[in-house]
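What you see is a predicted model, and the numbers here were worked out from it, not measured in a lab. Below, all heavy atoms of this structure are taken into account, side chains as well, without hydrogens, waters or symmetry copies. Numbers here simply count residues along the sequence, with the first being 1.
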Amino acid sequence: MIIGVPKEIKASEYRVALTPAGAATLKSAGHEVVVQSGAGEGSSFTDEAYAAEGAAILPDAGEVWARADMIMKVKEPLPEEFGYFREGLLLFTYLHLAAAPDLTKALVEKQVSGVAYETIQLANGSLPLLTPMSEVAGRMAVQVGSQFLEAFYGGRGILLGGVPGVPPAEVIILGGGIVGTNAARIALGMGASVVILERSAERMRYIDEVFSGRIRTLMSNSYNIASAVKKADLLIGAVLIPGARAPHLVTEDMVKTMKKGAVIVDVAVDQGGTIATIDRVTTHKDPVYEKHGVLHYAVANMPGAVPRTSTLALTNVTMPYALELAGKGLPGAVSNNEPLRKGVNTFRGRVTHPQVAEAVGLPYTSVEQMLDSVSFDKIN
């Protein structure tokens, strides 16, 4: 198979889907790799480094998309990339289709097979390709939240950890998953007072044990959320439902009760956001806006700000699945791989993920139904 790696074009996105080491791994498995010139520069990987591992360097994105059987990206394609879509193309990337109906329709119309990093799910419910970016985003959420609490940026003028005789900031985290626990770890390390709202009693017991009771946990319900939000200096949205839009847990009326100069960081913005007042996606160049006296940070590609770390972490987990897809084609790869099968969002003109279909209002067809009618000797 020919694997193509185009340069990311989303604003301030410096990650790349494949490292030179990843290119070498694919080459050693008998595949070809084509990389757009400059694709790895943001992550400090030069064209020469890819070429040294046998990758072909192509001058523009159009050539990469045209030559490749499988495209590996980091972020979902933008409208200016839809023109590269064609029947039979395999796309392996973060898609977040529940919040992107236009992209979903384009993939369906052009019969592109879309495998989403974020919906590949193990039997224990974990999301192995989302986990490293969730770890990065969770840790970054506290860093950027702390920065925007500074008065210079319009925040309340609060030091997250306080000082002796002065109380620390109140950090409220919605969701006790990977994002939430990583955010809590950094916030606690900086000396903040931390509360996690979580609906799973089992998960709260785990958090209590891991953090030795130093983090307070509350059952996530509308009453407790409203009460906690009112006290927050920094509010972090960290809720994800695989494939589906993030639920709006914080209403606009709740935001109106927050302290002037408080900060909201919604990590789930690429899935629609958990805060009702997150009504737009921001960029690293212009990351915040003010509403009801509260600063809203709504950057959809937070890990893109630390691309070297993020690219290395991402390639570590994507490579086994990329090798499966390249070696067996999509039907062969997913036939006996349940986690990878859950990653298939679109296939041969159909939406094959139930939550995506519901979110975008298109008919749902199971992957199993589609596989019954596909010859396994075809690439995808």
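Summarising the geometry, atom CZ belonging to Arg67 is positioned 5.5 Å from atom CD1 belonging to Ile2; distances are rounded to the nearest 0.5 Å. Within the model, atoms OG1 of Thr181 and CD1 of Ile196 stand 6.5 Å from one another, a figure rounded to the nearest 0.5 Å. From Leu127, atom CG reaches atom OG1 of Thr119 across 8.5 Å, with rounding to the nearest 0.5 Å. Rounding to the nearest 0.5 angstrom, the gap separating the OG1 atom in Thr93 from the CG atom in Asn345 is 11.0 Å. We find the CD1-CD distance between Ile9 and Gln36 to be 9.0 Å, quoted to the nearest 0.5 Å. Rounded to the nearest 0.5 angstrom, Met190 CE and Leu188 CG are separated by 11.5 Å.
Summarising the geometry of Ala141 relative to Val267, their closest heavy-atom pair is CB-CG2, 4.1 Å, with the distance given to 0.1 Å. Contact between Leu295 and Gly154 at its shortest, heavy atoms only, is CD1-C, 3.8 Å. Summarising the geometry of Ala268 relative to Thr274, their closest heavy-atom pair is CB-CG2, 4.0 Å, with the distance given to 0.1 Å. In this structure, Ala192 and Val171 approach most closely via the heavy-atom pair CB-CG2, 3.7 Å. Closest approach of Val33 to Ala23, counting heavy atoms only: CG2-O, 4.0 Å. Between Val112 and Leu89 the shortest heavy-atom distance is CG1-O, 3.5 Å.
More than 12 heavy atoms of other shown residues, nucleotides or ligands fall within 6.0 angstrom of atom CD in Glu80. Heavy-atom neighbours of Glu358 CD from other residues, nucleotides or ligands within 6.0 Å: at or below the threshold of 12. At most 12 non-hydrogen atoms from other residues, nucleotides or ligands lie less than 6.0 angstrom from OH of Tyr206. Heavy atoms of other residues, nucleotides or ligands lying less than 6.0 angstrom from NZ of Lys260 number 12 at most.
Side-chain atoms of Met133 and Arg15, non-hydrogen and from C-beta on, do get closer than 4.5 Å to each other. Met302 has its side chain within reach of Tyr297: a pair of non-hydrogen atoms, C-beta onward, lies under 4.5 Å apart. Using a 4.5 Å cut-off on side-chain heavy atoms (C-beta onward), Leu26 and Met319 make contact. Contact of the Pro77 side chain with the Leu103 side chain is registered, since non-hydrogen atoms from C-beta on lie closer than 4.5 Å. Counting heavy atoms from C-beta outward, Asn301 and His284 have side chains that approach closer than 4.5 Å. A 4.5 Å side-chain heavy-atom check between Ile71 and Pro6 finds at least one atom pair inside the cut-off. Residues Thr365 and Met370 have side chains in contact (heavy-atom distance under 4.5 Å, counting atoms from C-beta outward). Under the 4.5 Å side-chain criterion, counting only non-hydrogen atoms from C-beta, Lys291 is in contact with Glu252.
The backbone N or O of Ser366 lies less than 3.5 Å from a partner atom in the side chain of Gln369, making a donor-acceptor pair. Within the 3.5 Å criterion, the main-chain N or O of Met1 finds no donor-acceptor partner in the side chain of Asp69. In this structure, Ser126 contributes its side chain and Leu122 its backbone to no donor-acceptor pair below 3.5 Å. For the pair Lys73 (side chain) and Lys75 (backbone), a donor-acceptor distance under 3.5 Å is present. Under the 3.5 Å distance criterion, the side-chain polar atoms of Asn316 are matched with a main-chain donor or acceptor of Leu312. For Thr104 (side chain) and Val356 (main-chain N/O), no donor-acceptor pair under 3.5 Å exists by modelled atom type. Of the possible donor and acceptor atoms, none in the side chain of Ser146 sits under 3.5 Å from a partner among the backbone N and O of Val142. Checking side-chain atoms of Ser37 against main-chain N and O of Leu58 turns up no donor-acceptor pair under 3.5 Å. A distance-only check finds no donor-acceptor pair linking the side chain of Ser113 to the backbone of Phe347 [under 3.5 Å]. For the pair Glu118 (side chain) and Leu95 (backbone), a donor-acceptor distance under 3.5 Å is present.
Of the N and O atoms on the side chains of His292 and Thr277, not one donor lies less than 3.5 Å from an acceptor on the other residue. Between the side chains of Thr217 and Asp208, no donor-acceptor pair of N or O atoms lies under 3.5 Å. Checking Thr251 against Asp253 by side-chain atom types alone, no donor-acceptor pair falls below 3.5 Å. Side-chain contact annotation: Glu8 with Tyr14, donor-acceptor N/O pair under 3.5 Å absent. Neither side chain, Arg341 nor Thr352, offers a donor N or O lying under 3.5 Å from an acceptor on the other.
Listed by first and then second residue, the salt bridge (Lys or Arg N to Asp or Glu O under 4.0 Å) pairs involving residues 182-200 amount to none (not counting sequence neighbours). Each salt bridge (Lys or Arg N to Asp or Glu O under 4.0 Å) pair with one or both residues in residues 49-65, not counting sequence neighbours, would appear here, but there are none.
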Derivation and outcome, side-chain contact (heavy atoms from CB on, under 4.5 Å), residues Ile173 and Val194: CA-CA 8 Å; Ile173 302 170; Val194 183; 3.9 Å; yes
Criterion salt bridge (Lys or Arg N to Asp or Glu O under 4.0 Å) on Lys10 and Glu76, from CA distance to verdict: CA-CA 9 Å; Lys10 191 178 185 75; Glu76 69 283 351; 3.4 Å; yes
Audit row: Ile57, Tyr50, side-chain contact (heavy atoms from CB on, under 4.5 Å) steps and yes/no: CA-CA 8 Å; Ile57 307 301; Tyr50 287 103; 3.8 Å; yes
Derivation of the salt bridge (Lys or Arg N to Asp or Glu O under 4.0 Å) call for Arg205 and Glu209: CA-CA 6 Å; Arg205 292 188 187 99; Glu209 180 179 349; over 6 Å; no
Arg156 and Glu150: CA distance, side-chain angles, deciding distance, salt bridge (Lys or Arg N to Asp or Glu O under 4.0 Å) verdict: CA-CA 6 Å; Arg156 298 195 69 225; Glu150 296 174 15; over 6 Å; no
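Clustering of Ile, Leu, Val, Met, Phe, Trp and Tyr by side-chain heavy atoms under 4.5 Å joins Ile172 with Leu174, Val195, Leu197, Leu218, Ile225, Val229, Leu235, Val239, Leu249, Val250, Met254, Val255, Met258, Ile264, Val269, Ile275, Ile278, Val281, Tyr289, Val294.
Following chains of ILVMFWY side-chain contacts shorter than 4.5 Å, one can reach Val179 starting from Phe148, so the two form part of one hydrophobic cluster. A continuous path of Ile, Leu, Val, Met, Phe, Trp and Tyr side chains, each step under 4.5 Å between heavy atoms, connects Phe152 with Val263, placing both in one hydrophobic cluster. Under a hydrophobic clustering in which Ile, Leu, Val, Met, Phe, Trp and Tyr are joined whenever their side-chain heavy atoms come within less than 4.5 Å, directly or via other members, Val306 and Ile236 fall into the same cluster. Connection of Tyr94 to Leu325 is established within a shared hydrophobic cluster, with ILVMFWY side chains joined at heavy-atom distances below 4.5 Å, either directly or through further cluster members. Side-chain heavy atoms closer than 4.5 Å link hydrophobic residues (I, L, V, M, F, W, Y) into clusters, and following such links, possibly through other members, connects Leu323 to Leu330.
For Thr311, the side chain to side chain donor-acceptor pair (under 3.5 Å) criterion is met by Ser43, not counting sequence neighbours. For Tyr84, the ring pair (Phe, Tyr, Trp, His ring centres under 6.0 Å) test picks out Trp65, with sequence neighbours left out. Residues meeting the side chain to side chain donor-acceptor pair (under 3.5 Å) test with Lys259, sequence neighbours left out: Asp233.
Less than 6.0 angstrom separates the ring centroid of Phe92 from the ring centroid of Tyr117.
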